[in-house]
Structures are given as structure tokens and as C-alpha cells.
Amino acid sequence: MKEEISKTYDQSKESEIYKLWEESGYFNPDNLKGEHFTIIMPPSNANGSVHVGHALGFTLQDIMIRYHRMLGRKTLWLPGTDHAGFETQVVFEKKLDKTGRSRFQMTREEFYKEVWEFVQQYKTLTEQSIRRMGASADWSRNIFTLDPRIIKIVYETFEQMYNDGLIYRGNRISNWCTKHQTGLADLETTREERTDPLYYIKYGPLTLATVRPETKFGDTGLAVNSKDPRYKKYIGQEIEATGLLGKFKIKVIADDLVDKDFGTGVVKVTPAHDATDYEIWLKHKDEIPGPKQVIDKRGKMDLPGTKYHGLKVAEARKIVAEDLEKAGLIEKIDETYKHNVALCYKCKNVIEPLIIPQWYVAMTKKLADGRPSLRDIAVEAVKSKKIKINPHRFEKVYMHWMKNIKDWPISRQIWWGIPIPVWYKGEEIKISENSPGVGWTQDPDTFDTWFSSGQWPYATLMAQGEKDFETFYPTQVMETGWDIMFFWVARMVMFGLYKTGKVPFEHVYLHGLVRDKDRQKMSKSKGNVIDPLGITDQYGVDALRMALVVGNLPGNDLPLAEDKVRGYRNFANKIWNAARFVMQNTEGYDPEAKLTSADKKILKDLQTIVKNNTKRLDKFDFAHAAEDLYHYFWHTFADKIIEESKPKLADEKTKASAQRMLMEVLETNLKLLHPFMPFVTEAIWQLNHKDLLMIQKWPEKV
RNA sequence: GGACGGUUAGCUCAGUGGUAGAGCGACUGAUUGACGUUCAGUAGGUCGAAGGUUCAAUCCCUUCACCGUCCACCA
């Protein structure tokens, strides 16, 4: 046996080892006993290849899973993929664009079918990549967000919430992306500071400041602050003014949303095209007319019969400003005005606030039977520590967001997604997956992806059958990136508590983003992307896993350089060779040999490592756990214990003790290292064992 | 406009109320011996600034500076 062990660790055998594990059946908790330990894998978006950020998530989750499996728990790691509605549609439309096609030239059915095929390819690819990372997930329970079992549960929840009055259809102002032709939640917009001209426009006796003169055709009122002495006399009055389309009358109202100190202290109220104005109108419905739409969904002026009709908003703004200037209606222009503009988070086009009917989930509304609002149950779960967020500081961020939460628009005007199961016939509304009969038409919209993925923890388990749900829910840990805490984690908490009465998970672990060695975000255009599969082929998965874990504290971004991966490849080889040394020198050793006091001391010190490491894993302190093991193995075990064992092995009096000691230290280390570096440790274990290291009992704390 | 995080060795980051640590990098030396994907060693830091608490502060408090991030309806 000794001679057969190669001098360097051969990572090309990793896929064979994975096969060994997978075929053993121990990824499936049905073959395990004990108390349950569950992690639901965040479903990967099936629209591209896995990147190193995914690899980080898989690694951290696999560490927890392998650790708990070795502790003797009935351990389930349930994998899945996400259709990722909007995200995927955007990716796919870009692809269409490259070949000169567009979804607007296709039928909805054609489009859906093509995206489905596209997603299937990536789904398979993603699942292979997850395996390549060593993920010990239960593939027998693998599930897709568009699985009929999931859709059924999503529909049930929708109906239940509708009946509870938590879901309603509202015709109100929403963020509209003119490129993607869909409404978006506030979270799906970003803001960018811009410098735009601020026009001071005359409205009869008054002057007001605006950056959007083109929307003046949609004005239905003017507003001032009630405490502003300058304008007291105008409140409630109709003033007469001259505009580009002739004379008009407009009413002045008082609203405290108006800041006296901004501009002239007068604002125009354009409820159809501005969120604040819309809100002002809601409070003054009796005083001023409602929204008057002058911009359409394509972001073009909708003013038939005028010269502005059909102009894009940006063009119209220029022309309107010029015309106002010519007509002597501009008092001045402030060219240095800085303000934040809302953009679509995907295409960075300016969001056009428009009134579009959307479905909403009420966040702060109490239920008729007295149950607290979704927001309140989600706040309580964290406050009462039923859910703990790691790092702790994110609990503050979570609370702050909850405090300011607004109703969540869940309908999207996109095609790729779960259709909204609502049918209309005149004024009648019915919730149903299939047509209720002749004359009914279905709502054309689809759900926001997060409406389905928000239900993931219970939906994935319920989809497997009632028994799985009872056995594995609530889950123990949700491990994901901090960047989707609001999008996803917060929603899962609400849905989970609403639907099951229990928290969906006990712990949230938020990892940081992986960046390049200069802390830059990885992006294809910068060419600084580290491809996890490529790096894995070169250095082995274990090396990548260690590089991702060591030095990576929760919530902090992680700079990753290839050098670091190379360093841990060296470590994997070190482990291999230390093991080779031990095996070559312990042939036929006596596991019961009497220990010398020096060797006893070594084993006692090892207990401290076991104890500390276990404690660290229990506290989710993976970075330090990994670093400690690295140090102990290399600088204590390899550099000192093994070196010092050489004379001991040469002396017949101390040989038996040294052999036993070396083997015990090695095997304990293999077990401790296994969650972090499963492949090299298992490969070594397989050299002299018939069973799997993966299911060995975790070293006892003494 | 709010809030949060950071500022420690050339780089990336740990850490502790009691004369500062790791990895990588640099430098010097060793070496056919489990491993050169190695070993031994050296250099390198007034722990962002100023105050305060303390016998003692890099660590606690206050203020400030700079960097970063998130949230936000001032048109």
C-alpha cells in the first residue's frame, strides 16, 4: 500500500470521490438518524453559470451540513433552482437582441417556450457545478421553482392571503421601466445623483421650480405649505395662468409635504407622473382633479393634437423648456441642481412613475381576525430571537427596513414567470389556476420572482410531502448573501410565519460578496472574474473552499486572489504528504499501545483543538475554525509533532506509542478538516478504511 | 437627509484593558531524508487624528477626518 501512494495529492480524482458519496445514499437524510438539521439551499438562478460567489455559499452551507451529519443528525440540504423571472427575462432578451430579435415580435407562447429551453440548459449546468463544488446535497429532493408542486403551493398562499385581505389590486403610481415594460418594486430601483437644470416656471402670479417641465401638461393643482406666509392668500383659490397650450385655471392647495425652502415654495401637483404628487392628490381628492396621464408606457408624450405628442420624455423636456423660454414663462434656470434619480436596477434607464394596476401585498395591515400584520410578525420573530441574524448588526438594518416598509407590488408585466391566477369577467374577479369558464380572461401579469422564492423554505418541503414538512421544518439555517436580505430573507420570514405559524429558519448567516484582490466587484467587462470551475480544475475544490472561508467574516466582502487559492492547494498537498508519512510508518500499529507521557501530552493538546473547533463551528465562526485547523495541522502537527516523531519511531521503546499517537492525531484532524476540505480528507481516509469519512462520528469533546 | 461599517506590517485581514498577530510578498540560509506545492530564520507597525476614563488603551467613552455601504417622496 505504502508504495502506491502518490507523492502529490491528485485532485483530478475529486469527481470519483463525489460519486462515491452520492451513491452511498448518505446525502439523503432518509438514510440517517437523529434530530433533524435542515438547510434549504438558496435556489440558483438558472440563467447563467455559477460564479465564485455561489461557490462561497455552497461551501459555507456544505461545511455546516457535513459537520452536522458527522454529529449524528438527520441532515438535509435541499437543493433547487430558480426560474428568476425578471432576471432571466432580461438575460434572455439581451440574447435575443444580439440576433436582432425582440420579444415584442414573438407570441407569448413562443417566447415562454424558448426561455424554458434556455433555462433547462443552465439548470443542468448549474446542478453539475454545485456537485463539482462538493456540495453534499440531497439530489433526490432537488426542485425547481416552476415545478407544478411549487406553483400549487404558491397559488394556495395567494388565495389564502387574498381571502385574509392581505392581497389587493391597486391602481396607483408605480415604478415603470420603459425599456423592460414592467412595473418594479422600490427595491428593484437604484438611485443615482445627477445634475439637472431646475426650471423656475411662471404660473400666473406664482412661480415654481421643477426639473420636469414636460409633465406640466399633467398638472392638476399647485401646492404650498400651509405655514408659508407668502402664499396664504392663494390657498383654496383658483389662479389663472398662461401655458404653452393657452390659458388655464388651476387650484392652489396646502400640503405639508411641500418644503417652504425648496425652490419658491410652490410645487405643481402632477399625480399621474410623480409619487409624491400622487400622494398629495390622495389627500386632496375633493379639491383638485385626479391624475391626468401625459406620458405613455414607452416613455413618450401622450398629448394627441399637440406638437409634443410622441416625443420621448427627454426630448420633450428640452423642447418644452425652450418653448417656455420663448413664451417668457421661465423666470430662471438653475443649472447646478443636484438630485437623485430613480433608475431600473437592471438597465439603469430612468424610472417613469406611471399609474398602472398592480397586485400588492399589504405589509402593515392587521388581519380582520386580529392577527398582526406581516411586518409585525417579521419584526417580532427577530426581536424575540426566534430568528438570529449573523452578523448581529444586520438585525438593525432589518428592523430599520421593516419600520419603513411599504406595500409590496407582486405583479410584473413580464412573460417569464408564474402567471397570476386571477380571472376577470366584467367586474367579477375569480382566483383560479385554470379558466373558470367562457368569457373569462386571465390577468396578463406574472408574479415577482420573490413571491415564489419567498415561500421556498416551506414550499420545497411541502412539495415533497407532508412527512418531510413535519420532519424538517422549521429549518435551522438560511445562508445567503447580505445583498438579498430585503428581497428574500425578509419575505421568507413573513411568508413562513404567516403560512405555518413558525419561523422558516432559526439562524440567518449572511456572507459577503466575493471581490477581486483589489476589492473590485468581479465583472466580465473588467476581466477580473475568477471562474470557480476553472480554478477548481487547476487547484482542486478543497483549495478554493479554504480560500473562500479563511478570512471571510459574515457580512464582510472578501477579496480573493488566485495566490490565496494556490496557498491552500499547497495545504491540501501538505495534508496528503503528512498522511503518507504516517501511513508509511504505522503499518500494523497497535491502537491500544501504551502511550509515553510526551505522546499523552500531544493527545491532550489535541483535545483543546477539538473543543475549540467544535465551539467555533457552533458559533458559525468558520473563518477562525478553518484558520486554526490550518495552523495546527501545518505548524504543529507537520512541523513539530511529525518531526519529533522521527527519532521516536526509530527507537523500539517509543515506537508503538508514537505510531498510535500519530494515527490518532492524523485521523482526528481528518475529521475536523473534512467539512472544510472534504475531498482530500476523504481520499486519505479511503486509503485505509472501507467506510466513508463523511459519516464518521465527530471527535468527542473531552 | 438618515443609518451602519471600516481605518492595525508592502498587500489582504485577525486580535486583546497590561511591552502587537497570521497569510501572502520581501530578504537570508538549508535541503536528494512524507512534502521544494518544503524547512529554519530575518526585516517590517508611534494599531487614522485629538481629547477623556484608568495604575495601564490599539482595545472603553467623546469629537473629528477619510474610505465604503445601505436606506430615503424635497418637486
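Quantities reported herein were computed from a predicted structural model and do not represent experimental measurements. Residue numbers start from 1 in every chain, and the chains themselves are labelled A, B, ... in the order their sequence lines are given, proteins ahead of strands.
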At under 4.0 Å between heavy atoms, what does [X] touch on the DNA or RNA strands: base, sugar-phosphate, or nothing?
X	answer
A:D639	sugar-phosphate
A:A578	base
A:K268	nothing
A:V258	base
A:R569	base
A:T210	sugar-phosphate
A:R212	nothing
A:H635	sugar-phosphate
A:K574	base
A:L198	nothing
A:K216	nothing
A:A638	base
A:N556	sugar-phosphate

Should B:rU28 form a Watson-Crick or G-U wobble pair with both distances under 3.5 Å, which nucleotide is its partner?
B:rA40
Taking atom types as they are modelled, is there a donor-acceptor pair under 3.5 Å from the base of B:rA72 to the side chain of A:N404?
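Per atom types, no contact qualifies.
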Go through the N and O atoms of the side chain of A:E643 and the base of B:rA40, and report whether any donor-acceptor pair is under 3.5 Å.
no
Phosphate OP1/OP2 of B:rA3 contacted by A:K403 side-chain N/O (<4.0 Å):
no
Is the shortest side-chain N/O distance from A:W634 to OP1 or OP2 of B:rC39 below 4.0 Å?
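Yes.
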Looking at side-chain heavy atoms only, is the closest gap between A:N585 and A:Q659 below 4.5 Å?
no
Do A:N349 and A:L343 touch side chain to side chain, with heavy atoms closer than 4.5 Å?
no
